[in-house]
Structures are given as structure tokens and as C-alpha cells.
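Here's the structure we're looking at; comments come further down.
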Amino acid sequence: MLPDPVAASRFTAPGMKILFTGGRAMGAPAECTKFNASRYKWVKKKIERTETVVAGSNGAAPDEAVVYSLGTLYGEWPDGTPFEGNRYVDRYVVKSGLITHMDVWNDSAEWLLVRAGLAEL
């Protein structure tokens with residue numbers, strides 16, 4: 001959750017593709033930052049573990065690695081209500097040391113439905 005999308009861009013390949021929760025297509029870290037600013041007052045990650053599928057194994061291309069970051073989110077909703085324990089999984093495809101694709105999943109939508117009285121956990 002690097003709060004500096006310009007610095008984060010140093011680690012991305014030209015034409016990077018991001019698929020955020022809900023199927024939102026993005027192309028740059030700044031778009032993720034903008035979306036998160038609309039969803040959270042602030043948010044951080046508690047990284048519990050990372051897992052790597054090395055190049056050429058388990059379906060990874062010979063020149064790519066796939067990295068998973070798993071953990072929970074914590075922060076505040078826009079109204080200032082704190083939260084923690086919101087699960088996330090980020091999947092990165094890395095080629096030649098740069099991120100070419102990123103998929104983002106988390107429980108925020110479910111938590112927002114509960115807050116709105118539309119669902120139960």
C-alpha cells in the first residue's frame with residue numbers, strides 16, 4: 001500500500017494491466033490510489049505471507065514469476081470508523097523484474113454490504 005504511486009510505477013512494465021476488486025480495470029498505480037481514496041479514509045496492509053511461483057513452473061511462463069501477497073487490510077472507512085481483519089490477496093505477474101499484471105481481491109465489498117444492512121457475515 002505504498003502511498004506514492006509515482007514511486008510504485010518504477011516497478012511496473014509499460015502497458016501494465018491491473019484488475020481490481022469488482023472487475024475494475026486499471027493501468028497504473030495512481031488509479032488504484034484514486035479508487036482507494038474513494039473507498040477508505042485510509043488503508044494499510046498487514047502482510048501475512050508471500051508466495052512465489054517460479055518461472056516455468058505451475059503454469060508460469062519461462063520468463064515470468066507469479067507472486068502472491070496474502071494478509072489483511074486495516075484502516076478507516078470514509079466516516080472514520082476503524083476496521084481490521086479485512087482479508088486480501090494480491091497476485092502479481094513479474095517479467096524481467098517488472099510487474100506486468102496485478103489482480104486485487106479483498107473483502108471490502110462484503111464489509112460495505114454489512115455496514116449498509118444488506119448482508120450478514
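Computed from heavy atoms alone, side chains included, the values below leave out hydrogens, waters and symmetry copies. Numbering starts at 1 and runs along the sequence shown.
Hydrophobic clustering, with ILVMFWY side chains joined whenever heavy atoms are under 4.5 angstrom apart, groups F35 together with V104. Linking Ile, Leu, Val, Met, Phe, Trp and Tyr whenever their side-chain heavy atoms come within less than 4.5 Å leaves L112 and Y74 in two separate clusters. Side-chain heavy atoms closer than 4.5 Å link hydrophobic residues (I, L, V, M, F, W, Y) into clusters, and following such links, even through other members, never connects M102 to L98. Hydrophobic clustering places I99 together with V67 (ILVMFWY residues linked when any side-chain heavy atoms are closer than 4.5 Å, directly or through intermediates). Residue V114 is grouped with residue L73 when hydrophobic side chains (ILVMFWY) are merged at heavy-atom distances under 4.5 angstrom, including chains of intermediate members.
Side-chain contact check for W105 versus R87: every heavy-atom pair is 4.5 Å or farther apart. In this structure, the side chains of E84 and T72 stay at 4.5 Å or more apart for every pair of heavy atoms. Side-chain contact between R49 and L70: present, with at least one pair of heavy atoms (C-beta onward) separated by less than 4.5 Å.
If you check the side chains of S108 and Y88, you find no donor sitting under 3.5 Å from an acceptor.
We find the CH2-CD distance between W42 and E76 to be 6.0 Å, quoted to the nearest 0.5 Å. To the nearest 0.5 Å, the span separating OG1 on T100 from CD on E64 amounts to 5.5 Å. Note: H101 NE2 to K95 NZ = 14.0 Å, rounded to the nearest 0.5 Å.
Formation of a donor-acceptor pair under 3.5 Å by the D107 side chain with backbone atoms of N86 is not found in this model.
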Show, in sequence, the C-alpha distance, side-chain angles and deciding distance for Y40 and W77, and conclude whether the ring-ring contact (aromatic ring centres under 6.0 Å, His included) test is met.
CA-CA 5 Å; Y40 312 104; W77 299 113; 5.7 Å; yes

Below 3.5 Å, can you tabulate the donor-acceptor pairs from side chains in residues 6-26 to any protein atom, sequence neighbours excluded?
from: S9; atom 1: OG; to: P5; atom 2: O; distance (Å): 2.9
from: T12; atom 1: OG1; to: S9; atom 2: O; distance (Å): 2.9
from: R24; atom 1: NH1; to: T21; atom 2: O; distance (Å): 2.4

